[in-house]
Amino acid sequence: MHDRIVLSHGSGGEMTQQLIREVFLHHFNNEWLCGLSDSAMLSNGSGRTVFTTDSFVVDPLFFPGGDIGKLAVCGTVNDLAVTGAIPAYLSAGFILEEGLTLETLHRIAASMAEEARHAGVQIVTGDTKVVHRGKADGVFINTSGIGFLPAGRADLSNTAGIRPGDRIIVNGHLGEHGVAVLSAREELEVASQVHSDCASLNALIDQMCQVSGKIRFMRDLTRGGLATVLCEVTDHADFGLYLLEDKMPVGEAVRGICEMLGMDPLYMANEGKLVAIVDPADADDLLGAMHEHPLGANAQVIGQVAGQHPGQVVMETQVGGRRIIEPLTGEQLPRIC
Amino acid sequence: MKYMDEYRDRTLIAGLTKKIRARAGRFYTFMEVCGGHTMAIHKFGLPWLLPSTIRLKSGPGCPVCVTDQSYVDRAVAYAEMEEVVVCTYGDLLRVPGTSASLYDKRGEGCDVRVVYSLLEALRIAREESSRMVVFLGIGFETTAPGSAVGILEAEQEGLDNFCLLSAHKRMPPAMEAVASDAGQLDGFICPGHVSTITGMGIYEDLPRLYGMGCVISGFEPTDMLESILLLVEQMEAGRPEVAIQYKRAVRPEGNLKARALMDQVFQHGDDTWRGLGVLPDSGLRIRPEYARYDAEQRIPVEVGPARENAGCICGEILKGQKEPSECPLFATSCTPVHPVGACMVSSEGACQAYYKYRRYA
């Protein structure tokens with residue numbers, strides 16, 4: 001391990017995991033944290049409360065399809081919603097750099113308010129700190145969130161129910177957030193038509209949970225992309241995952257840009273995408289229900305859970321060959337969210 | 001996607017693999033020289049599709065992998081200088097030097113910046129005129145013309161705070177070293193991008209002296225399978241020669257303008273390759289008339305002798321003598337997060353290709 005923080009510690013990939021284990025879990029370990037899920041599932045008498053937190057440092061603050069404020073609401077709403085919970089309340093903490101214009105802060109706050117309204121959550125508490133010029137970069141935002149798991153609904157953050165034969169579903173085109181931020185930052189004109197997929201997924205997820213009681217697992221796809229989430233799911237598991245590259249929903253523009261820059265859409269960041277692992281008997285119904293929702297219009301079954309190659313994600317390539325999918329190493333792109 | 005999916009068509013692929021299977025009358029071992037080919041082969045899972053008669057080995061065509069450790073040590077020494085900005089392509093960042101990598105140095109606060117082209121380094125030099133910009137020029141005949149243009153532009157503009165640390169290398173001496181050393185190779189899948197600059201002439205000695213087939217290949221799955229088929233056909237007919245499969249990019253004479261620029265700024269000199277040692281005339285050194293843009297002349301630094309990790313077999317891998325999985329460090333103490341050898345660091349390195357795409361349980 002390095003003796004200083006390097007950017008890869010923030011990539012969401014292997015080094016982030018290592019940092020969490022060796023520092024935070026080492027000092028904070030308890031029964032809720034040790035699952036290392038994005039949210040904690042807390043019992044409160046009759047029901048279960050879900051609690052999560054997330055910080056946002058995206059550069060630039062505004063990008064095609066969103067801004068840091070929208071992202072700060074969606075990110076936390078999605079972390080709650082993928083557990084099966086109904087998101088309810090958010091907090092918002094701001095670290096502001098001296099010199100930031102009030103107009104910028106108004107735009108960000110208005111965007112947060114609009115997204116919170118849209119997602120049906122309330123921002124109920126907050127905090128503001130200002131640091132000297134150069135000690136932060138415009139605005140950093142932390143949001144925490146509370147949601148409630150409806151009675152009788154399973155905790156979808158747990159991988160224990162996954163069985164060979166289960167289908168793997170994603171709700172739409174991969175990698176759009178990563179490419180949108182990259183294009184805004186590097187002023188890549190060819191990428192300007194790609195908008196971030198930044199969106200609150202709670203309504204779509206609620207619809208899915210009403211159609212099927214056999215969703216085994218769900219997670220939102222963020223920094224490290226689809227690949228990183230699927231590798232975390234199979235880590236130390238007694239099953240493997242088998243993906244079909246042909247079935248991966250990737251838009252033409254993202255595909256082209258990734259080809260050109262040597263990046264892999266499977267590792268590109270998303271902010272409005274989820275992966276669900278579901279009982280094969282319910283896969284068609286779920287897909288049908290997802291297609292009816294605007295955020296699931298391009299939903300696709302991308303593969304299935306395999307009894308073979310336990311602990312590994314294997315993909316049948318577009319040309320019929322095979323390769324494994326590894327967790328993200330190093331940083332694909334820093335400050336993406 | 002247009003101009004991409006055509007080269008990844010399953011029916012075409014199946015046809016090509018069928019022909020390769022039918023025509024290969026014996027076992028063949030071919031070397032893909034270029035790291036870009038290595039990555040593409042494994043990314044598309046081509047070994048899965050090839051008949052058992054065809055064996056592919058990775059060669060010395062990954063610029064980062066063959067860059068000598070003392071070069072990294074020198075770059076690290078520049079990074080430690082207060083007044084210097086080190087500009088580098090991203091791949092070199094994590095290559096371990098004797099005591100540290102550039103990535104470690106950046107974490108310690110040294111000014112190391114990743115650039116996508118030399119033009120960015122020139123822009124930094126213009127904008128920050130009080131700092132000295134050292135650009136790390138690595139790569140073969142593909143990237144050397146770009147570096148030459150950078151030096152000529154700096155000269156034209158009178159840009160005085162820019163220089164280049166050249167580890168640019170020529171491909172043919174390394175291929176000859178491998179051909180004369182390896183023995184069991186039947187042919188080369190020749191590097192496509194290098195050949196766009198050099199043309200096909202640089203490979204002429206290989207069929208003549210070593211009886212090896214040479215096919216200049218593109219990077220898509222159908223390109224590489226077609227190249228393998230051409231190599232099999234050459235060998236089956238007993239007529240090894242230089243052929244161009246990658247006709248949509250490579251002209252027989254190459255890019256004459258780029259070659260002229262390269263010759264104007266660089267001259268041939270002995271150079272050290274990781275794993276292959278010192279190869280005569282294999283390096284591209286900055287000519288004396290451009291010495292003021294040569295980092296080694298401009299800012300002399302003393303670096304101690306390089307100490308490479310004893311267990312690492314990068315050298316044998318680069319010569320095609322061993323596979324990454326035969327290395328005791330592979331996927332144990334050497335991983336992309338904590339690379340020991342350059343072949344694991346580089347996104348075009350054989351070890352990283354195996355680690356990322358082929359490490360089946």
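Computed over heavy atoms, backbone and side chain alike; hydrogens, waters and symmetry mates excluded. Naming convention: chains lettered A, B, ... in sequence-line order (proteins, then strands); numbering from 1 in each chain.
- Under the side chain to side chain donor-acceptor pair (under 3.5 Å) criterion, R126(B) pairs with E157(B), sequence neighbours left out.
- Neither the backbone nor the side chain of M39(B) comes within contact range of chain A; no heavy atom of the residue lies under 4.5 Å from a heavy atom of that chain.
- Within the 4.5 Å cutoff, the side chain of K356(B) has no heavy atoms near those of the I325(A) side chain.
- The OH atom of Y355(B) sits 8.0 Å away from atom CD1 of I324(A), with the distance rounded to the nearest 0.5 Å.
- Nearest heavy-atom pair across D5(B) and Q318(A) is OD1-NE2, 3.1 Å.
- For chain B, no part of Q308(A) is nearby; none of its heavy atoms comes within less than 4.5 Å.
- With a 4.5 angstrom heavy-atom cutoff, R8(B) touches chain A via backbone and side-chain atoms both.
- Contact between L49(B) and V319(A) at its shortest, heavy atoms only, is CD1-O, 3.6 Å.
- Remark: E82(B) CD is loosely packed, at most 12 non-hydrogen atoms of other residues, nucleotides or ligands lying under 6.0 Å away.
- Ranked by heavy-atom pairs under 4.5 Å with chain A, the list M4(B), R358(B), H42(B) is led by M4(B).
- For chain B, the nearby parts of R255(A) are the backbone and the side chain; heavy atoms of each come within less than 4.5 Å.
- The two residues Y103(B) and S8(A) make their nearest non-hydrogen contact at OH-OG, 2.7 Å.
- F44(B) contributes atom CZ, which lies 7.5 Å from atom OG1 of T317(A) (distance to the nearest 0.5 angstrom).
- No part of E245(A) comes within reach of chain B, as not one of its non-hydrogen atoms sits under 4.5 angstrom from that chain.
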Which is it for D246(A) and R10(B) under the side chain to side chain contact (heavy atoms under 4.5 Å, CB included) test, yes or no, and what are the steps along the way?
CA-CA 11 Å; D246(A) 267 356; R10(B) 277 202 192 208; 3.4 Å; yes
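- Between K43(B) and R323(A) the shortest heavy-atom distance is O-NE, 2.9 Å.
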